[in-house]
Amino acid sequence: MPVPYETPPHPSLLVEIFGSRVDAAHRYAECLATTAVERGLIGPRETDRIWSRHILNCAAIAPAFTHGSSVCDLGSGAGLPGVALALCRPDLRLTLVEPSGRRVAFLNLVTSIVAIPIEVVRARAEELHGSRDFDYVTARAVAPLSRLVAWAMPLCVPGGELIAMKGASAPNEAAAASPVMRRLGAAEPKFECFGKGVVTPETRVVRIQSQRG
């Protein structure tokens, strides 16, 4: 018997967001509502907002990334925001970084189910410092900004950015992270919202640019 989960938005909106990858987006939603719940990656109560709270909330930040850029989703978990970004921005080169073997197994399953090219790397952020870098690092619900900045800045190319999905506490977290940002030579944080007319509340992000030479 199929597992019930949140009714998808209107097909025209999904086409506007995901283009030719609408079917893949539906497969991802079903995977989140079933396998991710079974494996403890998504809470069972989250099935009622798989689209609004998770997939669309993450897809909303797609305009933050320049065309053709490389993006690292740090602590990807169930693939949010990385898989959602890959579904709506086929031009991006997505790498999902996750230290948990259980979550990596799920991410590998998802990439085969949605049938789109995404790199999955099992590692902690620190293990990639000095060996990998990206135009952008993004993360959702991974750690306080003070820790996230320390993990992400060494993974950014000079002029690259951390784009962290955060809630209303973002300014307070940024203030607490100021010493780390100064030590790593990061620029002052910028706060933006995305997804007007698509998600409520809008998706908040903190943008922090790397200034290392």
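Keep in mind that this is a model prediction, so the values were computed, not measured.
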> How far apart are the C-alpha atoms of N57 and T203, what are their side-chain angles, what is the distance that settles it, and do they pass the side chain to side chain donor-acceptor pair (under 3.5 Å) test?
Replying inline: CA-CA 6 Å; N57 176 260; T203 305; 3.1 Å; yes
Taking all non-hydrogen atoms of both residues into account, name the closest pair between [X] and [Y] and its distance.
X	Y	answer
V149	L184	O-CD1, 3.7 Å
A24	L87	CB-CD2, 3.6 Å
A123	V97	O-CG1, 3.4 Å
L14	P8	CD1-CB, 4.1 Å

Could you pull out all donor-acceptor pairs under 3.5 Å where a side-chain atom in residues 185-195 meets a protein atom, sequence neighbours excluded?
from	atom 1	to	atom 2	distance (Å)
E192	OE1	R207	NH1	3.4

> Stepwise, does the side chain to side chain donor-acceptor pair (under 3.5 Å) test hold for E6 with T47?
Replying inline: CA-CA 6 Å; E6 184 180 19; T47 58; over 6 Å; no
> Does a donor on one side chain and an acceptor on the other come within less than 3.5 Å for E161 and S210?
Replying inline: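 Distance-only check fails for E161 and S210.
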> If Ile, Leu, Val, Met, Phe, Trp and Tyr residues are connected whenever their side-chain heavy atoms lie under 4.5 Å apart, and connections chain through other members, are L80 and V205 in the same group?
Replying inline: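 Yes, one cluster joins them.
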>> Quick check against the 3.5 Å criterion: does S70 have a side-chain atom that pairs as donor or acceptor with the backbone of D135?
In response: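 Judged by distance alone, yes, a pair lies under 3.5 Å.
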Which side-chain N or O atoms in residues 101-121 pair as donor and acceptor under 3.5 Å with protein atoms at least two apart or in another chain?
from	atom 1	to	atom 2	distance (Å)
R102	NH1	R39	O	2.5
N108	ND2	V104	O	3.3
T111	OG1	L107	O	3.4
T111	OG1	N108	O	2.8
S112	OG	L109	O	2.6
E119	OE1	T95	OG1	3.0
E119	OE1	R132	NH2	3.0
E119	OE2	R132	NH1	3.3

>> What verdict does the side chain to side chain donor-acceptor pair (under 3.5 Å) test give for H129 and R124, after you've listed the backbone C-alpha separation in whole Å, the side-chain angles of each residue and the deciding distance to 0.1 Å?
In response: CA-CA 9 Å; H129 291 174; R124 297 191 305 272; over 6 Å; no
> F65: what forms a ring-ring contact (aromatic ring centres under 6.0 Å, His included) with it, not counting sequence neighbours?
Replying inline: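 F65 satisfies ring-ring contact (aromatic ring centres under 6.0 Å, His included) with Y136 only.
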> Can you name the ring-ring contact (aromatic ring centres under 6.0 Å, His included) partners of W51, sequence neighbours left out?
Replying inline: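 Partners of W51 under the ring-ring contact (aromatic ring centres under 6.0 Å, His included) test: H26.
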> Sequence neighbours excluded, which residues qualify as side chain to side chain donor-acceptor pair (under 3.5 Å) partners of S146?
Replying inline: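 Once residues adjacent in sequence are excluded, S146 has no partner under the side chain to side chain donor-acceptor pair (under 3.5 Å) criterion.
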>> The criterion is side chain to side chain contact (heavy atoms under 4.5 Å, CB included); which residues satisfy it with A164, sequence neighbours excluded?
In response: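 Partners of A164 under the side chain to side chain contact (heavy atoms under 4.5 Å, CB included) test: L145, L148, L162, K166.
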>> Take a 6.0 Å sphere around CZ of R53 and say whether it holds more than 12 heavy atoms from other residues, nucleotides or ligands.
In response: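 Result for CZ/R53: enclosed.
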